[in-house]
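Next up is a structure, given as structure tokens.
Just so you know, these numbers use all the heavy atoms, side chains as well, and skip hydrogens, waters and symmetry mates. Residue numbers start from 1 in every chain, and the chains themselves are labelled A, B, ... in the order their sequence lines are given, proteins ahead of strands.
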Number of protein chains: 2
Amino acid sequence: MRSYGQCCALAKALDAIGDRWTLLIVRELMIREACRYTDLKNGLPGIATNLLAERLNEMEQSGLVTREAAPPPVATTLFRLTARGRELEPAIAALGRWGAPLMGNPQTTGDEFRDHWVALPLRLYVRDRRPKDAPVRLAIRAGEESLTLETAGDGSVRVQPGTSERPAASIQGPPHTILALLTGKVSLASARAKGVRFEGETKTLERFGGPE
Amino acid sequence: MRSYGQCCALAKALDAIGDRWTLLIVRELMIREACRYTDLKNGLPGIATNLLAERLNEMEQSGLVTREAAPPPVATTLFRLTARGRELEPAIAALGRWGAPLMGNPQTTGDEFRDHWVALPLRLYVRDRRPKDAPVRLAIRAGEESLTLETAGDGSVRVQPGTSERPAASIQGPPHTILALLTGKVSLASARAKGVRFEGETKTLERFGGPE
DNA sequence: CGGCATCCACAGTGATACTG
DNA sequence: CAGTATCACTGTGGATGCCG
């Protein structure tokens, strides 16, 4: 994109990440840590393959992304965010908070949905209300996506792709109902009515909540 | 712009404000409160007039901006942010923080600069370290722009365009040196060496600082 | 002068096809 | 799998014109 050519921090940020698709690529890499080209393409429905390639090159140039050749078992290139790229998290959180009211039901809007997208709001909005208690691990199966949520000890939670070993509890169901349950927007009873299956100590659930 | 068509809060936010120039228009309105078309055009060097008109229409449609006919002394349309538009402040702050390291010296980069732009970082980054003390008003003349900075009582500061009545102190000089002085990045002595003139109680200055 | 609308050259985008 | 190539289309920037 053309630079705005303005000596302003916001304009400079937009010069770097204001291009179409760029912030969504950051979103994918923030969720998945290391991605193959094809993972990115699947996680970004609607992107043209030439644009994805072009953006990845630009983002590598500007120090947001690194490209590494994975050893034989994988034998492909992996894309990762750099530290500088991960520093976009507060901006993405703020934009996501602002954009949340604009989301409609994907059934009626026809919007694309990917189960793994729920990892981002989980990471950004779910708080550990008792950070000093013993750490807890939660197994989540949101749609077809398996995630592990664990308390980080500072009030935040870590969300990793994959299944967990010996979780304190497990939740399975539609992604956005799981999110609503863990941020305290719906009760366990009404989440169950919407298809959520919860196994384990109920009071594990009380440990989690939304912001503030 | 085309919608991403994704059921994701970030994608929805970008659908609304991801267009080129849109966030910079929000920046202008956040600094100036009420703007004429021409004020916006002057504050956004490089924008084509048709694009400014088009963006303002889109932003009015999507509820970010209102247009009001000012009464006879002014006799022109004024553009303002709606409450929803002002809610973008955290996102703009986060992006600005991220973009700040990318700013170079406008002398060498050839970037455009407007004195009033400094009001945004002043408002976002300058903190009142003793919110419980009596409120204080500071007269600032950054380049050719007159601003009033006053403590809000909650640790933040308000920054308004225009001159102040009976300020506790006054600062005059190059915009970014004034910003560096008020966020505590440079001492009064070295700010003076860079062309800042400060009048009033020196300890007024100690009341202010950057984030954290 | 303030607030656009119109026109044009060109850069960015999206769909598809093709390749090592 | 990880792209590159092609091409129609849309968005952008610059200039200019119009109207109260």
Next item on the list: Write down the distance between CZ (B:R36) and P (C:dG3), rounded to a whole number of angstrom.
Entry: 7 Å

Next item on the list: Give the rounded distance in Å between these two atoms: CG of B:D39 and P of C:dC4.
Entry: 13 Å

Next item on the list: Using whole Å, report how far CD1 of A:I25 lies from P of C:dT13.
Entry: 11 Å

Checklist line | With A:E68 via salt bridge (charged side-chain N to carboxylate O under 4.0 Å, His left out) - residues at least two apart | finding: A:R80

Next item on the list: Could you state the atom-to-atom distance from CD of B:E68 to C1' of C:dG3 in whole Å?
Entry: 16 Å

Note to self: How would you summarise protein contacts on nucleotides 11-20 of chain D per nucleotide, using B for base, S for sugar-phosphate only and - for none, with heavy-atom distances below 4.0 Å?
What the structure shows: -SBB-B----

Next item on the list: Figure out the CG/C1' separation between A:N42 and D:dG3, and round it to whole Å.
Entry: 15 Å

Check: Do you see a donor-acceptor pair shorter than 3.5 Å between the side chains of A:R137 and A:S164?
Finding: no

Checklist line | Chi angles and distances behind the side-chain contact (heavy atoms from CB on, under 4.5 Å) call for B:L182, B:I140 | finding: CA-CA 11 Å; B:L182 284 172; B:I140 297 179; 3.9 Å; yes

Notebook entry, point to check: Between B:R67 and B:N57, do the side chains contain an N or O donor and an N or O acceptor separated by less than 3.5 Å?
Noted result: yes

Note to self: What I want to check is whether the side chains of A:E28 and A:W117 have a donor and an acceptor closer together than 3.5 Å.
What the structure shows: yes

Next item on the list: Round to a whole Å and report the spacing from CG of A:L52 to P of C:dA15.
Entry: 14 Å

Checklist line | Between C1' of C:dG3 and CG of B:N57, the distance in whole Å | finding: 11 Å

Notebook entry, point to check: For D:dC1, does either OP1 or OP2 sit under 4.0 Å from a side-chain N or O belonging to A:T77?
Noted result: no

Margin query: Quick test of your reading: applying ring pair (Phe, Tyr, Trp, His ring centres under 6.0 Å), list the pairs with at least one residue in residues 17-42 of chain A, sequence neighbours left out, ordered by first then second residue.
Written below: A:W21-B:Y4

Next item on the list: Starting from P on C:dG3, measure out to CG on B:L44 and report it in whole angstrom.
Entry: 14 Å

